[in-house]
S.K.: 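Attaching a single structure in structure tokens format; questions to follow.
If you're wondering where the values come from, they're calculated on a predicted model, not measured in any experiment. Side-chain atoms are counted along with the backbone in the values below, which use heavy atoms only and exclude waters and symmetry mates.
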Amino acid sequence: MRKRRWCLWIVLIVYLPTMYVTQRITHSFSGSMPVFFAWFAVLLCVMFYSATARCPRCRNYYHMQGMALLYLRKCLHCQLPLNADKGDSF
């Protein structure tokens with residue numbers, strides 16, 4: 001589950017440097033649009049990948065309850081902390 005969240009953070013962080021480099025190369029807004037749409041498609045895939053992570057305790061989706069997608073540090077169903085396997089007690 002943590003790997004899936006890291007993938008999401010990496011895709012979000014990569015956006016600004018990617019768009020900056022694209023703007024420097026193309027020198028136009030319309031020239032950078034294909035890169036933006038490619039990044040957005042990757043973002044949607046990674047969000048789906050991270051949102052469908054299942055809780056090891058209750059086997060429900062960890063970050064989804066109904067149609068609500070909330071990236072919290074506890075399961076939305078059984079309140080299992082994200083770092084429960086590390087032995088930390090909260």
S.K.: Please determine whether residues Leu69 and Leu12 belong to a single hydrophobic cluster, defined as Ile, Leu, Val, Met, Phe, Trp and Tyr linked transitively by side-chain heavy-atom distances below 4.5 Å.
M.R.: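 In one cluster with Leu69: Leu12, yes.
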S.K.: Do His77 and Cys55 have side-chain heavy atoms sitting under 4.5 Å apart?
M.R.: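 Contact flag for His77/Cys55 side chains = no.
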S.K.: At their closest point, which heavy atom of Arg57 faces which heavy atom of Leu80, and how far apart are they?
M.R.: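 For Arg57 versus Leu80, the nearest heavy atoms are NH2-CD1, 3.0 Å.
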S.K.: How many angstroms lie between atom SG of Cys78 and atom CG of Asn60, to the nearest 0.5 angstrom?
M.R.: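 It comes to 7.5 Å.
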S.K.: Please find the pair of heavy atoms, one from Tyr62 and one from Met1, that lie closest to each other, and give the distance.
M.R.: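 Nearest pair, atom of Tyr62 first, then Met1: CG-SD, 3.0 Å.
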S.K.: Enter the distance from Trp39:CH2 to Ser32:OG here, rounded to the nearest 0.5 Å.
M.R.: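 Going from CH2 on Trp39 over to OG on Ser32, the span is 13.0 Å.
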S.K.: For Cys7 and Val46, work out which heavy atoms get closest and say how close.
M.R.: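 Smallest heavy-atom distance, with atoms named: C-CG1, 3.7 Å.
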S.K.: Do Val21 and Met19 share a hydrophobic cluster (ILVMFWY, side-chain heavy atoms under 4.5 Å, transitive)?
M.R.: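 Shared cluster, no.
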S.K.: Tyr71 and Leu8: which non-hydrogen atoms are nearest, and at how many Å?
M.R.: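 That would be CZ-CD2, 3.6 Å.
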S.K.: Atom NE2 in His63, atom SG in Cys75: separation rounded to 0.5 Å?
M.R.: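 Interatomic distance, His63 NE2 to Cys75 SG, rounded to 0.5 Å: 9.0 Å.
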S.K.: State plainly whether one hydrophobic cluster holds both Val11 and Trp6, where clusters connect Ile, Leu, Val, Met, Phe, Trp and Tyr through side-chain heavy atoms under 4.5 angstrom apart.
M.R.: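 No: no chain of side-chain contacts under 4.5 Å links Val11 to Trp6.
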S.K.: With rounding to the nearest 0.5 angstrom, report the CE to OG distance, Met64 to Ser50.
M.R.: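 Those atoms lie 10.0 Å apart.
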S.K.: Verify the cluster assignment for Tyr20 and Phe36: are they in a single hydrophobic cluster under the rule of side-chain heavy atoms below 4.5 Å apart?
M.R.: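 No, it is not one cluster - the side chains of Tyr20 and Phe36 are not joined through contacts under 4.5 Å.
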S.K.: If you take all heavy atoms of Arg5 and Leu72, which pair is closest and at what distance?
M.R.: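 Arg5 and Leu72 have their closest heavy atoms at NH1-O, 3.0 Å.
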S.K.: In Å and rounded to the nearest 0.5 Å, what is the OH to CG distance from Tyr61 to Leu76?
M.R.: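 The CG atom of Leu76 is 13.5 Å from OH of Tyr61, to the nearest 0.5 Å.
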S.K.: Report the distance from atom CD1 of Ile13 to atom OG1 of Thr18, rounding to the nearest 0.5 Å.
M.R.: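 Answer rounded to 0.5 Å: 11.5 Å.
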S.K.: Taking Arg4 for the side chain and Tyr49 for the main chain, is one N or O donor matched with an acceptor at less than 3.5 Å?
M.R.: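 Yes, the answer is positive, given that a donor and an acceptor are paired below the 3.5 Å cut-off.
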S.K.: Could you pull out the closest heavy-atom pair between Arg2 and Asn83, with the gap in Å?
M.R.: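 Taking Arg2 first and Asn83 second, the nearest heavy atoms are NH1-CA, 3.8 Å.
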S.K.: Quick check on the hydrophobic clustering: are Met47 and Leu70 connected, directly or via other members, by side-chain heavy-atom contacts under 4.5 Å?
M.R.: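 Per the 4.5 Å side-chain linkage, Met47 and Leu70 are not co-clustered.
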